[in-house]
Engineer: 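One structure follows; several queries about it will come next.
Reckoned from all heavy atoms, side chains included, excluding hydrogens, waters and symmetry mates. Residue numbers begin at 1 in each chain, while the letters A, B, ... track the order of the sequences.
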Number of protein chains: 2
Amino acid sequence: MDIVSIYKCLCDRQRLRILNLLKDGPLCVCHLMEILGADQVKVSKQLRYMKELGMVDAERQAQWMVYRLADDQIPLLTENLKCLQDCAGEGVVFRKDLQKRKQLVKRLDAASPLRAIACHC
Amino acid sequence: MDIVSIYKCLCDRQRLRILNLLKDGPLCVCHLMEILGADQVKVSKQLRYMKELGMVDAERQAQWMVYRLADDQIPLLTENLKCLQDCAGEGVVFRKDLQKRKQLVKRLDAASPLRAIACHC
DNA sequence: TATCAATATGCATACGATGGTATATGCGGT
DNA sequence: ACCGCATATACCATCGTATGCATATTGATA
């Protein structure tokens, strides 16, 4: 994959937020939607975009599609993801996303352990 | 400056090449044109773009405009520039650019030391 | 001041990415 | 077989950004 494609992917805030979330583990589309407060189509399209680039992998779990960072990591990507939370000013958004993620996982565990497992959180 | 703007800047191959060249020291527009094999308008506009972003600074030297990486480096940018030459496959382009740069400097030194100095190469 | 070289800018156009709506697919449960 | 939920896709409008051409600006030199 060429460098320019990677940077093109990174130059959208929502894609960055998604990658940042997936860095902590797989998530299904509906949970991404909830955390990001975004609509289904948008999230779905961006995931497809990143899947075609080879940045993320998708796996079906019952009716959910679970997305994760691709197994064969791209060093350039990995390095850039590392520093998202430390980014001056903007790091807040990324840190908050990860907090929301934790809350979500807790809630799912309490309400329906099975579903939490199914969704790989 | 926000992350997205930085990545937007990085997602153009020619801008990357320019930044890579400036990492080794200042250059004027005509030398950039020569090394990149690009036309004046394009180079000039991309430099302006990067100047407005705060990535590069410009200084007039007689009739030449000499561009350099901005004094107050942006960490995210610095880190990304570091690995350009090592990028799988594509690193070649960036390495070749730096070679061309060296040849250019040599030639200028031989032909006209004064001009070489004026152009800060 | 006329002129040339180096560089910048304005404007029109084209292209690619993005967003929205509607619709399709795939799976589980009844 | 049907329905509902989760997700994907097609299609179209839109908008940002790059590109090309023409022209303006700036500094040096005669």
Side-chain angles (χ1 to χ4, degrees), chain A residues 2 4-18 22 26-53 56-68 104 108 111-112 114-121, chain B residues 2 4-18 22 26-53 56-68 104 108 111-112 114-121:
Chain A
D2 69 314
V4 172
S5 306
I6 299 176
Y7 286 131
K8 270 190 183 155
C9 175
L10 298 181
C11 69
D12 176 279
R13 170 163 284 99
Q14 185 149 298
R15 279 196 293 264
L16 278 175
R17 290 174 72 189
I18 291 176
L22 294 185
L27 280 173
C28 65
V29 181
C30 58
H31 293 157
L32 281 169
M33 288 169 59
E34 182 181 333
I35 298 175
L36 300 171
D39 66 290
Q40 187 262 318
V41 176
K42 202 177 170 194
V43 174
S44 194
K45 278 183 185 171
Q46 289 177 325
L47 286 167
R48 182 191 182 190
Y49 178 108
M50 294 192 277
K51 191 180 162 200
E52 281 175 357
L53 265 187
V56 303
D57 287 334
E59 188 194 355
R60 188 149 219 136
Q61 301 272 352
Q63 60 233 273
W64 297 283
M65 282 295 265
V66 179
Y67 284 86
R68 75 189 68 236
L104 181 90
L108 288 178
S112 141
L114 278 176
R115 187 169 173 208
I117 291 164
C119 284
H120 277 252
C121 326
Chain B
D2 69 314
V4 173
S5 306
I6 298 176
Y7 286 131
K8 270 193 183 154
C9 174
L10 298 182
C11 68
D12 176 278
R13 171 162 284 100
Q14 186 151 297
R15 280 197 292 264
L16 277 176
R17 290 174 72 189
I18 292 176
L22 294 184
L27 280 173
C28 65
V29 181
C30 57
H31 293 157
L32 281 169
M33 287 169 59
E34 182 181 334
I35 297 175
L36 299 171
D39 65 290
Q40 187 262 319
V41 174
K42 203 175 169 194
V43 174
S44 193
K45 281 183 179 169
Q46 289 178 325
L47 286 167
R48 183 194 181 188
Y49 176 107
M50 295 193 276
K51 191 180 162 198
E52 281 174 358
L53 264 187
V56 303
D57 287 335
E59 189 194 356
R60 189 151 218 131
Q61 301 271 353
Q63 61 235 271
W64 297 283
M65 283 295 265
V66 179
Y67 285 86
R68 74 189 70 234
L104 180 90
L108 290 176
S112 144
L114 278 176
R115 184 166 175 210
I117 290 164
C119 285
H120 276 255
C121 325

Engineer: Given atom CH2 of Trp64(B) and atom C1' of dA8(C), what is their separation to the nearest angstrom?
Structural biologist: 17 Å
Engineer: Figure out the OH/P separation between Tyr7(A) and dA17(C), and round it to whole Å.
Structural biologist: 18 Å
Engineer: Roughly, in whole Å, what's the span from CE in Met50(A) to C1' in dT18(C)?
Structural biologist: 14 Å
Engineer: Would you give the length of the straight line joining atom NZ of Lys8(B) to atom OG of Ser5(B), rounded to the nearest 0.5 angstrom?
Structural biologist: 6.5 Å
Engineer: Evaluate Ile6(B) against Leu10(A) for side-chain contact (heavy atoms from CB on, under 4.5 Å), listing each step before the verdict.
Structural biologist: CA-CA 10 Å; Ile6(B) 298 176; Leu10(A) 298 181; over 6 Å; no
Engineer: Hey, is the side chain of Ser44(A) poking within less than 4.0 Å of OP1 or OP2 on dT7(D), counting only N and O atoms?
Structural biologist: no
Engineer: With distance as the sole test, does Arg68(A) use its side chain to make a donor-acceptor pair with the main-chain N or O of Asp57(A) at under 3.5 Å?
Structural biologist: no
Engineer: Taking the side chain of Lys42(A) as its heavy atoms from C-beta onward, which of dG19(C), dT7(D), dT19(D) lies nearest to it?
Structural biologist: dG19(C)
Engineer: Is there a side-chain contact between Val29(A) and Tyr67(A) (heavy atoms, below 4.5 Å)?
Structural biologist: yes
Engineer: Could you tell me the separation between the CD atom of Glu52(A) and the P atom of dT9(D), rounded to a whole number of Å?
Structural biologist: 8 Å
Engineer: Could you tell me the separation between the CD atom of Gln40(A) and the C1' atom of dG20(C), rounded to a whole number of Å?
Structural biologist: 12 Å
Engineer: Tell me which of Leu47(A) and Asp39(B) sits closer to the 5' end of DNA chain D, going by the nucleotide each one is nearest to.
Structural biologist: Leu47(A)
Engineer: Report the nucleotide, chosen from dA18(D), dA28(D), dA10(D), that has the shortest atom-to-atom distance to any side-chain atom of Lys45(A).
Structural biologist: dA10(D)
Engineer: Show which side-chain atoms of residues 44-53 of chain A pair as donor or acceptor with protein atoms under 3.5 Å away, not counting sequence neighbours.
Structural biologist:
from	atom 1	to	atom 2	distance (Å)
Gln46(A)	OE1	Gln14(A)	NE2	3.0
Gln46(A)	NE2	Asp12(A)	OD1	3.2
Arg48(A)	NE	Glu52(A)	OE2	3.2

Engineer: Take the protein atom OH of Tyr67(A) and the nucleotide atom P of dA6(D), then report the distance between them rounded to whole Å.
Structural biologist: 15 Å
Engineer: In whole Å, what is the span from the CE atom of Met65(A) to the C1' atom of dT9(D)?
Structural biologist: 13 Å
Engineer: Mapping Asp12(A) and Ala62(A) to their closest nucleotides on DNA chain C, which lands nearer the 5' end?
Structural biologist: Asp12(A)
Engineer: With distance as the sole criterion, do the side chain of Lys8(B) and the base of dG16(D) form a donor-acceptor contact below 3.5 Å?
Structural biologist: no
Engineer: Compare side-chain N and O positions of Arg15(A) against OP1 and OP2 of dT18(C) and report whether any pair is under 4.0 Å apart.
Structural biologist: yes
Engineer: Which whole-number value in Å describes the distance from Gln46(B) CD to dA18(D) P?
Structural biologist: 8 Å
Engineer: Starting the side chain at C-beta, find the nucleotide from dT7(C), dT7(D), dT9(D) nearest to Arg48(A).
Structural biologist: dT9(D)
Engineer: From the set dT21(C), dT7(D), dC21(D), return the single nucleotide nearest to any side-chain atom of Val41(B).
Structural biologist: dC21(D)
